[in-house]
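Only one structure is covered here, and it is reproduced in the block below.
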Amino acid sequence: MHAYRTHTCAQLSKADVGEAVRLSGWVHRKRDHGGVLFVDLRDHYGITQIVADEDSPALPVLDALRLESVVTIDGEVKARDAAAVNANLPTGEIEVFARAVTVQSKADDLPLIVNSAEDYPEETRLKYRFVDLRRERVHANIMLRNKVITSLRRRMTDQGFSEFQTPILGASSPEGARDYLVPSRLHPGRFYALPQAPQMFKQLLMVAGFDRYFQIAPCFRDEDLRADRSPEFYQLDFEMSFVTQDDVFDAIEPVLAGVFEEFSGGKSVTPAGEFPRIPYAETMLKYGTDKPDLRNPLVISDVTEHFTSSGFGLFEKIVGGGGRVRVIPAPATHEKSRKFFDDMNDWARKEGFAGLGYVTRKGGEFGGPIAKNHGEEGMLKLYAELGLGENDGLFFAAGKEKDAAKLAGAARTRVGEELGLIEENCFKFCWIVDFPMFEYDEELKKVDFSHNPFSMPQGEMEALENTDPLEIKAWQYDIVCNGYELSSGAIRNHKPEIMYKAFEIAGYTREDVDANFSGMIEAFKLGAPPHGGSAPGIDRIVMLLADEPNIREVIAFPLNQRAQDLMMGAPSVVSARQLRDVHIRLSGEALEVQKDASEAETTRVDQAGE
RNA sequence: GCGGGUGUAGCUCAGUUGGUUAGAGUAUCGGCCUGUCACGCCGAGGGUCGCGGGUUCGAGUCCCGUCACUCGCGCCA
């Protein structure tokens with residue numbers, strides 16, 4: 001007989017009655033009836049009820065064990081009486097009568113309880129993540145993640161993509177997020193950077209002629225966190241040669257739609273080939289964001305023209321100063337109290353906006369200060385244009401275009417949620433396309449890249465030379481699902497002359513480009529295919545599929561909101577010797593921290609890895 | 001860096017207008033119980049009310065500061 005088990009805790013059924021079996025697992029739950037003891041034995045696969053009575057030598061041993069101890073049970077499979085069958089358990093028709101027990105590992109008092117769905121503080125959960133991960137929900141999330149990744153791999157290879165690895169220790173590059181830095185021992189004063197994404201390497205693989213690349217790629221960005229942002233995360237990174245934007249869309253839509261259909265648990269998914277394509281300018285107008293949640297039916301409109309002259313002086317003044325007025329409909333709000341509208345305004349102020357105006361309408365009657373001052377005639381005209389009914393309210397976001405769009409976007413979400421308009425049980429995908437190539441940086445008072453500088457401008461060199469830079473679009477696109485940006489990608493700029501020109505517009509010289517992107521620019525001078533790709537975020541995909549509001553719920557060992565590993569103690573102080581090795585001397589606060597750390601903390605116990 | 005929320009027993013939470021010895025459930029420990037499956041019953045231990053200061057005859061409760069966690073803004077593809 002095997003040392004630990006003949007079956008898993010999910011395997012036994014009526015067909016095995018009478019068999020002598022050996023099971024191993026964790027003591028999930030105990031029910032002690034004095035002369036008879038029930039133990040739910042749990043492993044990765046399931047739960048089997050173990051029973052011991054006074055005839056069994058296992059009884060006192062199991063009785064004394066705390067929950068989550070690990071045991072091996074030798075016993076006999078018995079059928080349960082009809083009345084004792086547990087229909088909630090796949091193994092509920094049988095139980096194993098314990099003849100003997102071996103304690104593999106005793107558990108102390110637990111910081112959190114595995115057999116309960118109770119919510120524990122994240123701090124506790126992360127510190128004892130190995131216990132937390134035994135709990136049903138997180139365990140299932142991590143297994144879902146595994147299945148999603150397996151499925152993505154299969155779908156990509158089936159489409160002729162090949163999987164590659166790229167370096168983790170790379171060079172810091174100037175654009176984008178802050179890099180995680182790794183000091184070099186062999187090269188004093190020099191640093192590696194962990195990849196924010198394998199961007200250049202995947203492009204170089206295209207230049208190397210591999211045609212279709214993908215990778216489940218670890219990415220690192222040293223920026224502040226959000227619920228959907230971790231400093232280390234994974235992307236389904238891919239790149240293709242000799243492709244147009246449409247080819248990239250055609251390649252990835254079936255992969256994403258397919259994996260969502262496979263794991264959505266019956267929720268509807270935008271079919272492959274039908275992802276709406278929304279230009280950036282349109283999404284900023286209609287949804288007030290570049291990651292619109294299309295489950296929300298509300299659409300923002302620009303009504304600036306209605307307020308060039310208006311009895312409502314505030315809007316007239318804003319419009320006169322070049323500002324915009326945007327509106328969000330609040331359908332069927334005739335029975336909402338004044339408090340509902342005032343609360344929205346309070347919310348907007350709390351969010352740091354100037355305020356959210358509103359008009360109420362009850363049975364055709366307009367209400368609120370804006371309606372009063374703007375006049376009934378003007379309101380009727382406005383409502384007619386917007387196609388609004390006699391019981392529909394309206395929220396107003398006014399200000400500089402950027403601010404008005406942002407407030408309108410936030411208000412659209414808020415109104416949709418408050419009115420219960422968000423469609424449930426669906427995943428709504430869309431592409432955001434035609435991102436601007438450049439934008440005006442108000443702080444630096446200059447034109448700068450609005451996204452990745454390596455995207456091909458639409459119209460290529462001709463556009464760069466003859467168009468207002470702020471009008472130029474890029475072959476740059478995002479995939480958005482339910483308001484989450486899942487992916488960002490582009491058709492790349494593989495022509496050195498166009499790249500020099502694009503950088504020139506953003507105020508960089510040929511020498512700047514050569515110095516910062518030498519590898520890439522050299523490669524493009526030695527025969528580069530047109531190419532493009534994208535990189536869907538795997539953690540966010542799993543988060544959506546698992547219906548979790550937080551990315552850490554789908555990462556086995558996540559860093560907390562302050563980028564610390566509470567279990568392993570990262571980031572940690574290191575010994576003076578380690579610092580010397582990498583030519584680093586601490587000062588100021590950093591030196592104080594190092595000094596205050598206990599000797600044990602800075603003692604390095606060498607251990608061999610695998 | 002900024003704003004919001006939270007912080008009371010190992011854990012989840014209650015705690016009134018500032019008023020006697022800060023409670024419940026769960027976990028732990030002890031006892032009872034032969035068919036449970038969130039078993040049940042009896043009992044016990046367990047508290048720097050995050051920390052520091054202030055107001056007050058009196059602070060878990062009010063005020064100021066600070067720390068931790070978290071959500072958002074800034075930042076970030």
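Heavy atoms only: backbone and side chains are in, while hydrogens, waters and symmetry mates are out. Worth saying up front: this structure is predicted, and the values here are computed from it rather than measured. Numbers restart at 1 for each chain; the letters A, B, ... are given by sequence-line order, proteins then strands.
Between A:Phe249 and A:Tyr477, a ring centre-to-centre spacing shorter than 6.0 Å is recorded. Checked against a 6.0 Å centroid threshold, the rings of A:Phe161 and A:Tyr213 do not count as neighbours.
Residue contacts shown for A:Gly176 are limited to sugar-phosphate atoms, with no base heavy atom under 4.0 Å away.
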Legend entry - Annotated protein contacts, base or backbone, on nucleotides 67-74 of chain B with a non-hydrogen cut-off under 4.0 Å, one of B, S, - each: -SSBSSBB
Inset, instruction - Quick one, give me the B/S/- string for nucleotides 35-45 of chain B, reading 5' to 3', where B means a protein heavy atom under 4.0 Å from the base and S means that only happens at the primed atoms, P, OP1 or OP2. - result: BBBSB------
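Under a cut-off of 6.0 angstrom, the local environment of CE in A:Met568 is sparse, with at most 12 non-hydrogen atoms contributed by other residues, nucleotides or ligands. Heavy atoms from other residues, nucleotides or ligands lying under 6.0 Å from NZ of A:Lys127 number 12 at most. The number of heavy atoms from other shown groups lying within 6.0 Å of NZ (A:Lys106) does not exceed 12.
The same atom, C1', is picked in B:A59 and in B:G3; the two are 28 Å apart, to the nearest Å. Across B:G46 and B:C39, the matching C1' atoms stand 25 Å from one another, rounded to whole Å. The C1' atoms of B:G25 and B:A38 are separated by 13 Å, rounded to the nearest whole Å. Comparing B:G58 with B:U20, their C1' atoms sit 12 Å apart, to the nearest whole Å. Annotation: B:G4 and B:C64 have their P atoms spaced 12 Å apart (nearest Å). Comparing the P positions of B:A22 and B:G45 gives an interatomic distance of 14 Å, to the nearest angstrom. For the C1' atoms, the distance from B:A9 to B:C13 is 11 Å, rounded to whole Å. B:G47 and B:G65 have their C1' atoms separated by 25 Å, given to the nearest Å.
A:Glu95 meets the side chain to side chain donor-acceptor pair (under 3.5 Å) test with A:Gln49; sequence neighbours excluded. In this view, A:Ser116 and A:Ile113, A:Glu118, A:Tyr120 satisfy the side-chain contact (heavy atoms from CB on, under 4.5 Å) rule, not counting sequence neighbours. Partners of A:Tyr128 according to the ring pair (Phe, Tyr, Trp, His ring centres under 6.0 Å) rule, which considers only residues two or more places apart in sequence or in another chain, do not exist here. For the salt bridge (Lys or Arg N to Asp or Glu O under 4.0 Å) test, no residue two or more places apart in sequence or in another chain qualifies with A:Glu417. Applying the side chain to side chain donor-acceptor pair (under 3.5 Å) criterion to A:Arg42, with sequence neighbours excluded, gives A:His28, A:Glu68.
Rounded to whole Å, the distance from CG on A:Asp109 to P on B:G10 is 11 Å. In this structure, A:Arg221 places its CZ atom 11 Å from P of B:C76, rounding to the nearest Å. Note: CG (A:Asp108) to C1' (B:A27) measures 14 Å, nearest angstrom.
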Every protein N/O within reach of nucleotides 4-9 of chain B N/O, cut-off under 3.5 Å:
none

Output one line per pair: protein atom, nucleotide atom from nucleotides 11-14 of chain B, and distance, for all N/O pairs under 3.5 Å.
from	atom 1	to	atom 2	distance (Å)
B:U12	OP1	A:Pro121	N	3.4
B:U12	O4'	A:Glu118	OE2	2.5

Inset, instruction - Give the dot-bracket string for RNA chain B, reading 5' to 3', where a pair is Watson-Crick or G-U wobble with both distances under 3.5 Å, ( ) marks pairs inside the strand, [ ] marks pairs crossing earlier ones, | marks a partner on another strand, and . marks unpaired. - result: (((((((..((((.....[...)))).(((((.......))))).....(((((..]....))))))))))))....
Distance-only criterion, 3.5 Å: show the donor-acceptor pairs between side-chain atoms of residues 428-436 of chain A and protein atoms not counting sequence neighbours.
from	atom 1	to	atom 2	distance (Å)
A:Lys428	NZ	A:Glu423	OE1	3.0
A:Trp431	NE1	A:Glu253	OE2	2.7
A:Asp434	OD1	A:Gln458	NE2	2.9

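Side-chain contact between A:Pro536 and A:Phe238 is present, with at least one heavy-atom pair separated by less than 4.5 Å.
For residues 542-557 of chain A, every residue pair satisfying the side chain to side chain donor-acceptor pair (under 3.5 Å) rule, not counting sequence neighbours, is listed here: A:Glu122-A:Arg552, A:Arg125-A:Glu553, A:Arg137-A:Glu548, A:Asn141-A:Glu548.
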Legend entry - salt bridge (charged side-chain N to carboxylate O under 4.0 Å, His left out) evaluation trace for A:Arg129 with A:Asp132: CA-CA 5 Å; A:Arg129 188 61 160 175; A:Asp132 189 40; 2.7 Å; yes
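At least one donor-acceptor pair closer than 3.5 Å links the side chain of A:Lys30 to the backbone N or O of A:Leu62.
Between the side chains of A:Asp179 and A:Gln196, a donor-acceptor pair is found at a separation under 3.5 Å. With no hydrogens or angles considered, no side-chain donor-acceptor pair links A:Ser56 and A:Asp53 at under 3.5 Å.
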